[in-house]
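Reviewing the structure listed below.
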Amino acid sequence: MAQNERIPSISENTSFIENFLSKHEWKLYDDYKTTDRNHAYVKIPIQELIEFLTEFKFQNMPDAARKQATLRYIKYLTTKTSSPLSHAYIIHMAYKGDARIRAFNVETQRLVNLHSGRSTTESSVYPGDAAIKFEDSLTIQIHKVKLKCDSLIWSGREAYTIAIYYPEDFAINYVETEE
């Protein structure tokens, strides 16, 4: 049994993400001169984003709940009468590099810090992972990470995770009402 097969969500997400990545033609976001800082993106129809988020699995409950809230919010944005949401972006972070090593909290089942920070020491300024986004729609970043922790079960595992960015223009009062 392969190491990631012991935790179903990791192997399911790996298969799903690698299949998703292979089905698209990716464009370079910006040339930051290193494999760790160069990222590729694709613009997709909003229905494909809904399917992507529906298929992606989270290991912990708070992130799973945020995913469900995001799906409800996307569905709301697609039904707006003035300028409904029609597309989104997926960015494959460090797409030509190896999995990035990230500290993992076993108790919360969350990464301690997903994003690489800003850097001004190289020949080109890197704004930091959190700044790699688009302002005209939702952006999902796909990160491949290698978990670093003291647990024999988790340490060294490679997994895909995502980060979701909502543009400032989307910062509206959104209240879901159930009838």
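For this chain, numbers begin at 1 and follow the sequence in order. The structure presented is a predicted model; accordingly, all values stated were derived computationally and were not measured.
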Does Ser15 use its side chain to pair, donor to acceptor, with the backbone of Glu12 at less than 3.5 Å?
no
How many angstroms lie between atom CG of Asn38 and atom CG of Asp30, to the nearest 0.5 angstrom?
8.0 Å
Side-chain contact test, heavy atoms from C-beta onward, threshold under 4.5 Å: evaluate it for Ile164 versus Leu53 and give yes or no.
yes
Side-chain donor or acceptor of Ser9 paired with backbone N/O of Phe58 under 3.5 Å
no
Is a side-chain N or O of Gln141 found less than 3.5 angstrom from the main chain of Ile132, in a donor-acceptor match?
yes
Common cluster, Ile101/Leu111, ILVMFWY with side-chain heavy-atom separation under 4.5 Å
no
side-chain contact (heavy atoms from CB on, under 4.5 Å) partner of Ile153, chosen from Ser155, Cys149, Ser151:
Ser151
Taking Lys133's backbone N and O only, do any of them form a donor-acceptor pair with Tyr29's side chain (distance below 3.5 Å, no angle check)?
yes
For Phe104 and Leu147, the nearest pair of non-hydrogen atoms, with its separation, is CD1-CD2, 3.9 Å
Determine whether a donor-acceptor pair (N or O, by modelled atom type, separation under 3.5 Å) exists between the side chain of Thr161 and the backbone of His143.
no
Crowding at CG, Asp31 (>12 non-hydrogen neighbours, <6.0 Å)
yes
Trp154 vs Ile10, test: side-chain contact (heavy atoms from CB on, under 4.5 Å). Steps then yes/no.
CA-CA 11 Å; Trp154 292 99; Ile10 290 178; 3.9 Å; yes
Could you pull out the closest heavy-atom pair between Leu71 and Ile50, with the gap in Å?
CD2-O, 3.8 Å
What's the separation between atom CG in Leu138 and atom OH in Tyr89, rounded to the nearest 0.5 Å?
11.0 Å
To the nearest 0.5 Å, what is the distance between CD1 on Ile17 and CD1 on Ile142?
4.0 Å
Counting distance only, does the side-chain N/O of Trp26 pair as donor-acceptor with the main-chain N or O of Leu21 below 3.5 Å?
yes
Glu107: what forms a side chain to side chain contact (heavy atoms under 4.5 Å, CB included) with it, not counting sequence neighbours?
Asn105
Below 3.5 Å, can you tabulate the donor-acceptor pairs from side chains in residues 93-100 to any protein atom, sequence neighbours excluded?
{"residue": "Arg100", "atom": "NE", "partner": "Asp36", "partner atom": "OD1", "Å": "2.8"}
{"residue": "Arg100", "atom": "NH1", "partner": "Asp129", "partner atom": "OD2", "Å": "2.6"}
{"residue": "Arg100", "atom": "NH2", "partner": "Asp36", "partner atom": "O", "Å": "2.7"}
{"residue": "Arg100", "atom": "NH2", "partner": "Asp129", "partner atom": "OD1", "Å": "3.4"}
{"residue": "Arg100", "atom": "NH2", "partner": "Asp129", "partner atom": "OD2", "Å": "3.4"}

Heavy-atom side-chain proximity of Thr34 to Tyr126 below 4.5 angstrom:
no
Working for side-chain contact (heavy atoms from CB on, under 4.5 Å), residues Glu48 and Lys23:
CA-CA 12 Å; Glu48 189 173 352; Lys23 288 182 177 180; over 6 Å; no
Give the intermediate values and the outcome of ring-ring contact (aromatic ring centres under 6.0 Å, His included) for residues Phe134 and Tyr165.
CA-CA 8 Å; Phe134 291 89; Tyr165 171 74; 9.8 Å; no
For the backbone of Leu114 and the side chain of Arg102, can you confirm whether one donor and one acceptor N or O come within less than 3.5 Å of each other?
yes
Just to verify, what does Asn113 make a side chain to side chain donor-acceptor pair (under 3.5 Å) with, not counting sequence neighbours?
none
Is Asp136 close to Pro167 at the side-chain level, that is, under 4.5 Å between some pair of heavy atoms?
no
Using the test side chain to side chain donor-acceptor pair (under 3.5 Å), find all partners of Thr70 that sit at least two apart in sequence or belong to another chain.
Tyr166
To the nearest 0.5 Å, tell me how far Ile90 CD1 sits from Ile44 CD1.
4.0 Å
Nearest non-hydrogen partners of Lys67 and Thr54, listed with the distance:
NZ-O, 3.3 Å
For Tyr160, which residues count as a side chain to side chain donor-acceptor pair (under 3.5 Å) partner, sequence neighbours excluded?
Glu18
Measuring from atom CG of Asn13 to atom NZ of Lys57, what distance do you get when rounded to the nearest 0.5 angstrom?
7.0 Å
Counting C-beta onward and ignoring hydrogens, is there a side-chain heavy-atom pair between Ile91 and Thr139 closer than 4.5 Å?
yes
Return yes if some donor-acceptor pair links the side-chain N/O of His39 with the main-chain N/O of Arg37 below 3.5 Å, else return no.
yes
Rounded to the nearest 0.5 Å, what's the gap from CD on Glu158 to NZ on Lys144? Could you check?
4.5 Å
Suppose we screen for side chain to side chain donor-acceptor pair (under 3.5 Å). Which residues come up paired with Asn60, at least two apart in sequence or across chains?
Asp63
